[in-house]
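There's a structure below that I have some questions on.
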Amino acid sequence: MLELTIEQISMGQTAADKPAALQLLADKLVADGLVAEGYLAGLQAREVQGSTFLGQGIAIPHGTPETRDLVYATGVRLLQFPEGVDWGDGQIVYLAIGIAAKSDEHLRLLQLLTRALGETDLGQALRRAGSAEALLKLLQGAPQELALDAQMIGLGVAADDFEELVWRGARLLRQADCVSGGFAAVLQQVEALPLGDGLWWLHSEQTVKRPGLAFVTPSQPLRYLGQPLTGLFCLASLGEAHQALLERLCALLIEGRGQELGRATSTRAVLEVLGGEVPADWPSARITLANAHGLHARPAKVLAQLAKSFEGEVHLRLVDSAEPAISAKSLSKLLSLGARRGQVLELIAEPSVAADALPALLAAIESGLGEEVEALPAATAVADKVAEIEPEISVQAPLAGQRVQGIAAAPGIAVGPAHVQVLADFDYPLRGETPAAERQRLQAALTAVRADIEALVQRSTVKAIREIFITHQEMLDDPALTDEVEARLKQNESAAAAWNTVIEAAARQQESLQDALLAERAADLRDIGRRVLAELCGVQTLEAPDDAYILVMDEVGPSDVARLDPARVAGILTARGGATAHSAIVARALGIPAVVGAGAAVLLIKPGTPLLIDGQRGLLTVEPAAEVLEKALVERYSREQRLQAAAARRHETAVTRDGHAVEVFANIGESAGVAAAVEQGAEGVGLLRTELIFMAHSQAPDETVQEAEYRRVLDGLAGRPLVVRTLDVGGDKPLPYWPIAKEENPFLGVRGIRLTLQRPQLMEGQLRALLRAADNRPLRIMFPMVGSVEEWRAARDMTERLRAEIPVADLQLGIMIEVPSAALLAPVLAREVDFFSVGTNDLTQYTLAIDRGHPTLSAQADGLHPAVLQLIDITVRAAHAHGKWVGICGELAADPVAVPLLVGLGVDELSVSARSIAEVKAGVRELTLAQAQAWAQQALTLGTAAQVRALVENT
Ligand code: PEP
Ligand code: MG
């Protein structure tokens, strides 16, 4: 992304005229490797088409579409000309910003700049700037306007006391992105100032991002510190932006008109009194912007000029943004929208000019504002989705009989009609009939959705699933949302438009939170948002077929899977997703066969089309021919027979035909899971994911609670070994009660052992609870995500220190091999650890550099990739050289094709989900160690995962 930095700035340049200035800029861009020679011609041609003078002494020279190929990298270079350069028409430039851009990334730069462009005398200040730092400050740090519009006013909000009212005010500021999270807490610490007439004032500069003022009045009379409380101002203060407002407010109070504010029932009246941005209750029209590079300088200039030709006001806003409308006559404001191709613009014109202005402006935008535009594709929901996944490739629905390779996500063969679920598009008017009529429609929609969710709550037998829907109910009833919608209805917005804008703004605000788990709640907000919109717009959700069906979706989240009724959903097929994504793990747990990441074309399959999916091989067959279906059903039958036979022998050990024993353990995530694991034949627990135990508690479990949980597992194992993994959380898997800073790359961030070593108290608490629970039973503790010897030693030393206090007779300490560096260091680590357990889910992700949940790439993240097998081989050989054992606890251990290879590589233990134990044991019994070793050695010589699979499947 483009940002302005001092390295891009060259101070004190001189140029006799504009061509000389362009030459200087082009030389700079070439010298810095951003563009090829010849870009100068583009800069010149662009100036011929129209001056790039922006105002305030700034010009933004850039190339033409024809010279875009000469751009090596997007970037900018800034030249300061203190003596000025005549840019034509007497416009003097003191700062030329040369842009090298392949795409419309420079819109972001214009957005940054236009904050500064509102300043008076910026040109002179830029001219006088003595250093690159000072110049940058001028460009970035210009005082900003005080945000004060309809969204910042909350009249008659439900509040029982002062604190609650403060919270509501702070929330409005957060939603307008004026402050970061925590502003409410900041305001609660500030001393409130009584203004008289029941009005109170609070302000702070802490956590403020841009200045803004919120005004809230309570729905019932309140008192604070013995005085009436009829209205509260909450100011997010930054610089002098609020000065004018303060003066106006003082004048109002002196005139004795303060009560007007406390009693106000209309947002508009408050804004008029305070001088805020009054919402235009004017005719409006919408149009989708088709310009390839968005509303950049040239088309924006044309638009502003046209808008200026009308006497009255014309405003413009982006429909999918919570930002207020701006004047269409202001070039800098138009640029500050950062409007991109495909975004919907809303034009709002003063009634006196609307009849002329709106059609003229719409026509101008439609014809490209002076640019050639390619028509936007006809928007159907499916086509949009498909384009979103594979923008460049035209996709077609797979034909009858066609086989599509996806990712094997949950085993089993499923047959059934396709039930394609694609998010619908909603079409609704922006303006409503009357506020009363719209309110009624919204209430009816909310009631219907509430009833629908209630039915889901009643139907769900799983606590976690019920809780998801109870949260949805609470979100629907959140007065803050409904208050804001109400304010918009009063401004004559339609119920759908008001609801959509408020939900979208709330979801975005939620997404921006530092805490990753809270940010994830944005998806829930959008989920309920869509349900209500569907009601309002009369969009029917497709009825599911009566027969057990194959659910076809773009991408499926864990909560979507959890919502499914396994009796009605025979199988899952998705366009995107990966095998180790948590949704796939949930599908396996529910026993629903799943193929994921099968590509965008599957979304085009006609509802009702017969599908056959093979969750073992990751294969989809569309409208299978009778003989193909027959073969699959025979295979399903024989697999069921095999599974039945395997289940009957689940309590026996797994020994190869030539007498080599392999231990088969269980992966569990809750203490209660131990009984089922033992019942399914587990010889021990090979991975207790303790973070899942933590997640099952609404607050951090203390040592006593943890000890009880671990005891329960050890009791259930009745002497069998327990391998426990210490807490494995981070930005990728956050805990609700420990805010974890949002990271750009959480998988490469502070997760696993890195996090717990940073919070030693927490880790010590867990270790103490484990050691206490052991009671001399076989306890193995392992540390997740170890990448260095230092991490292992720090974790070991901590454990040994505690062990001196709490002795345990049968304790082993080991590490998970999840990071390639750990595998490569295995020969060193093996001297010190008691065991290794290979987490193939993460090891594959880090070895192949493919996010395990990546929507399109994770198909290639196959744990049987020879590169991963090499790392396992290194690990096993190192461990055995020092007499240590190696387990595999990633999903690969349960893959029937992988079992012979892992056994052949010498792995001592396979730890799988309880329902896979019998099958894995049966797989081991079918082998001879000699054959497995031969396969493994051959696999190590191969180059692709497909070759490895073929080796086992075809031999
Ligand atoms: C793994 O990475 O293989 C593993 C078992 O850990 P998790 O799936 O919990 O990250
Ligand atoms: Mg892992």
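Only a predicted model underlies this, so the values are computations on that prediction, with no experimental measurement involved. We count ligands from 1, going down the list as the structure has it; atoms in each ligand are counted the same way.
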* Decide, yes or no, whether a salt bridge links E652 with K921 under the criterion of side-chain N to carboxylate O below 4.0 Å. => no
* **R751 with E818: basic N within carboxylate O range, under 4.0 Å** => no
* Salt-bridged, D797 to R801, with N to O below 4.0 Å? -> no
* Asked: Could R772 and E703 be called an ion pair, given the rule that one side-chain N must be under 4.0 Å from one carboxylate O?
  -> yes
* For ligand 1, which atoms, with element, lie under 4.0 Å from some heavy atom of L687? -> 5 (C)
* Asked: Listing residue and atom name, which protein N/O/S atoms are closer to the Mg ion (ligand 2) than 2.8 Å?
  ->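 For the Mg ion (ligand 2), the protein N, O and S atoms that sit under 2.8 Å away are E818 OE2, D842 OD2.
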* To do: Could you check which of R852, E691, M785, E818 puts a non-hydrogen atom nearest to atom 4 (C) of ligand 1?
  =>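 Minimum heavy-atom distance to atom 4 (C) of ligand 1 goes to E818.
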* Asked: Ion pair present between R711 and E707, side-chain N to carboxylate O less than 4.0 angstrom?
  -> yes
* Among E891, R751, Q845, R689, which residue places a heavy atom closest to atom 7 (P) of ligand 1? -> R689
* Please list all pairs passing the salt bridge (Lys or Arg N to Asp or Glu O under 4.0 Å) test where one or both residues lie in residues 660-687, with sequence neighbours left out. => R650-E679
* To do: Could you tell me how the ring of W792 sits relative to the ring of F783: parallel (under 30°), tilted (30 to 60°) or perpendicular (over 60°)?
  => tilted
